[in-house]
Amino acid sequence: MRSARKPVGLSHSQLRGITSTGRWSSPTLHTRPLSPTANYTGLLPPSLLQATLKMPNTTINDKHTVSPLKGGMSVLKSRHINQGTSFPPQLRTSLRLRGLVPPTQETLDQQIERVITFLNTLESPIEKYCYLSRLKSENVTLFYRVVIDHLTQITPLIYTPVVGEACQKFSLIYTPGLVEGLFLSKEDKDHIPEILDNWPYPNPEICVITDGSRILGLGDLGVNGMGIPIGKLSLYIAAAGFDPSRTLPITLDMGTNNDKYLNDPLYLGLRCRRPSDPDFFDYIDSVMAALRKKWPNMLVQFEDFSSEHAFQTLDRYRNEYLCFNDDIQGTGAVILSGFINALTMSGVPLNKHRILFFGAGSAGVGVASQLKDHFIKSGGMSPEAARDVFWLVDSKGLVTFDRGDKLPQHKTLFARSDNGGKQFKTLADVINYVQPTALIGLASQGGAFTPDIIELMASMNDRPIIFPLSNPLTNAECTFEQAMIHTKGKVLFASGTAFPAFLDPYSKQVLEPGQGNNMYIFPGLGRGTVLAKAERVTDDMVYQSAVTLAESLTEEERSEQRLYPRLQRIREISALIARDVIHTALREGLAHEPAIVRMYGASPGQPVPAATLRDEERAAALLTYVQERMWNPAYPEDFSGLKAMM
Ligand SMILES: NC(=O)C1=CN([C@@H]2O[C@H](COP(=O)(O)OP(=O)(O)OC[C@H]3O[C@@H](n4cnc5c(N)ncnc54)[C@H](OP(=O)(O)O)[C@@H]3O)[C@@H](O)[C@H]2O)C=CC1
Ligand SMILES: CC(=O)C(=O)O
Ligand SMILES: [Mg+2]
């Protein structure tokens with residue numbers, strides 16, 4: 001087996017995108033099948049050769065060369081195939097697994113019980129995160145069954161808040177051997193197609209892409225931001241049934257302006273500052289073009305870009321590519337949805353609301369824009385009157401045209417000119433001036449809604465709407481308990497990260513706070529867009545996802561004063577959102593999936609009349625169509641697919 005030839009299979013350039021340090025790293029080994037005739041000695045450090053065992057269908061002999069292997073370890077190391085202790089006896093024989101797993105055969109439920117029991121013995125959230133990441137890399141089916149069956153326990157571990165800590169420590173907890181996404185370094189600008197070729201799974205349907213410049217409310221985390229695309233895509237899979245092997249997390253490594261990481265010897269990203277705007281757009285243009293060339297139908301979700309780049313990339317690509325920005329549009333939709341329900345409960349007519357945003361970045365302006373559209377569409381207000389419902393506060397105070405600083409374009413959408421030359425610096429001053437009915441926190445300033453601020457809101461409103469939406473938990477502007485206590489139970493509340501339930505001493509009810517997080521929107525929005533083979537993601541599709549979410553509450557949920565449905569229903573909700581997003585695509589003539597357009601008697605790209613879309617039978621059939629295409633984690637009963645490995 002030992003070849004006299006120079007190593008082939010993995011050249012240095014083929015490793016691009018998988019290692020961002022230039023150091024040898026075992027994830028490189030997942031990039032493409034290793035050549036059975038190659039000698040990898042010298043190409044890989046001996047300690048890392050062990051990691052080649054992770055490669056399906058390969059093993060290493062004692063001379064450090066790679067040879068094909070059927071069954072055995074290759075099965076256990078294939079995360080999409082591995083069943084561990086669930087493999088039945090006859091399969092253990094044909095797959096040569098006997099002795100490699102403990103003799104007891106377990107059901108998936110028993111495996112889940114072990115995972116949860118062990119998870120509960122771990123103390124720190126980050127240990128739990130690492131354990132779950134490892135589990136996902138070893139057995140995808142078990143991992144997602146655990147997530148789906150224990151959503152309220154697991155979501156905070158794989159998403160906000162713990163994903164925030166995981167990102168901050170990404171370089172520290174990085175595990176060689178775990179390939180969860182692609183790193184596209186700006187130094188690799190001339191190798192982007194080659195890096196995309198390295199991705200081991202064919203035809204991704206959806207990618208979440210970040211440049212790590214504004215991760216949750218934690219700022220510029222550089223390449224450590226990778227935890228966010230991974231976490232978001234885990235929710236796409238769990239909540240909307242995307243096939244795990246067809247999701248692609250991407251982190252653009254364009255350097256970081258965070259000195260802490262630039263000086264951290266363990267930091268895994270480029271050690272340089274972020275590029276100028278022309279260089280940023282030049283690079284991201286190349287990435288977008290390469291993505292479309294390789295995977296023309298893939299939906300791209302932009303995530304956690306610094307605010308100006310978030311708006312600029314959305315404007316630049318939204319009509320040309322199938323894409324959306326989750327922080328602007330997904331957040332806009334989820335908060336509009338909670339707001340629609342809060343409006344009813346507040347008893348204040350739509351046109352009497354005065355809404356104050358604490359934070360004027362991508363999320364703040366994204367939400368304000370979505371609410372404004374609703375005030376126009378549903379409230380019959382003129383664009384000018386709807387615009388006047390909103391006030392923005394940023395780090396310099398109330399955003400006004402005559403404040404003296406140059407406003408970025410997105411702030412001009414809601415900057416005030418009716419302030420009579422007066423400027424307001426503190427939040428309390430602004431509240432006293434605006435007299436808001438709703439206070440929305442999207443400024444990443446943990447604790448900014450002090451008892452005084454909350455009481456001020458309560459003094460002005462029978463049912464103040466207070467949404468501390470910043471993430472992770474440490475950045476929330478106030479807790480549910482504080483909001484309840486300081487409004488004497490009157491608050492209409494939603495937070496970005498989930499807070500525990502609270503026994504309201506006034507109503508004696510145990511109340512669960514709403515979670516106003518875009519995770520209620522993006523899975524269904526993405527599912528609908530991809531299933532419809534939509535040409536692009538339109539404002540109407542985003543708006544519809546908000547309306548569907550708002551209408552999805554059951555009577556019981558409404559009687560519990562919820563603004564959002566129970567998280568446990570998220571798959572059901574995502575299917576409804578996907579169905580209604582497809583309807584919108586059909587109405588707009590943007591759907592191209594033949595099977596779907598045929599259901600409505602149309603051809604691809606042909607608008608379907610609103611009356612046809614109201615047909616309840618077709619709507620029910622479309623919902624079934626969506627549900628039947630949701631990936632459901634379960635071990636196969638038919639093992640013929642494994643024949644090749646026997
Ligand atoms: N619940 C959810 O689903 C979502 C929550 N978020 C959360 O929202 C937060 C903001 O995100 P995003 O808008 O994208 O971030 P940005 O960085 O784009 O915006 C942050 C805004 O907060 C303002 N700000 C900063 N410090 C203060 C201060 N002391 N007083 C008042 N305003 C201040 C900034 O002001 P300036 O412009 O002057 O710098 C800026 O306008 C994050 O915590 C994020 O996690 C985001 C998306 C979804
Ligand atoms: C939830 C989310 O997208 C954020 O905090 O950025
Ligand atoms: Mg985000």
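Only a predicted model underlies this, so the values are computations on that prediction, with no experimental measurement involved. Sequential numbering from 1 along the given sequence is applied to the chain's residues. One-based numbering, in listed order, for ligands and for the atoms of each.
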>> Can you tell me which portion of I228 lies within the under-4.0 Å heavy-atom range of ligand 2? Options are side chain, backbone, both, or neither.
In response: neither
> Is the distance between the Mg ion (ligand 3) and the nearest N/O/S atom of D326 smaller than 2.8 Å?
Replying inline: no
>> Looking only at N, O or S atoms, which one in D327 sits nearest to the Mg ion (ligand 3)?
In response: OD1
> Are Y433 and W391 close enough that their ring centers fall under 6.0 Å?
Replying inline: no
>> Is L216 close enough to touch ligand 2? Criterion: a residue heavy atom under 4.0 Å from a ligand atom.
In response: yes
> Which residue holds the protein heavy atom closest to atom 5 (O) of ligand 2, what is that atom called, and what is the gap in Å?
Replying inline: N471 ND2, 2.8 Å
>> Any carboxylate oxygen within less than 4.0 angstrom of a Lys/Arg side-chain nitrogen, looking at R316 and D285?
In response: yes
>> Which option wins on minimum heavy-atom distance to atom 36 (P) of ligand 1: K411, E308, K396?
In response: K411
> Taking heavy atoms and a distance under 4.0 Å, where does E303 meet ligand 2: side chain, backbone, both or neither?
Replying inline: side chain
> Side chain, backbone, both or neither: which part of D326 has a heavy atom under 4.0 Å from ligand 2?
Replying inline: side chain
> When you check the side-chain N and O atoms of D304 and T210, is any donor under 3.5 Å from an acceptor?
Replying inline: no
> Do Y159 and ligand 2 have an N or O pair less than 3.5 Å apart?
Replying inline: no
> Do you see a donor-acceptor pair shorter than 3.5 Å between the side chains of S459 and E455?
Replying inline: no
>> Looking at ligand 2, is there an atom of it that comes within less than 4.0 Å of some heavy atom belonging to M519?
In response: no
> Among the N, O or S atoms that D304 has, which is closest to the Mg ion (ligand 3)?
Replying inline: OD1
> With backbone taken as N, CA, C and O and side chain as the heavy atoms from C-beta onward, which portion of N518 lies under 4.0 Å from ligand 2: side chain, backbone, both, or neither?
Replying inline: side chain
> Is D327 close to ligand 2, meaning an N/O of one under 3.5 Å from an N/O of the other?
Replying inline: yes
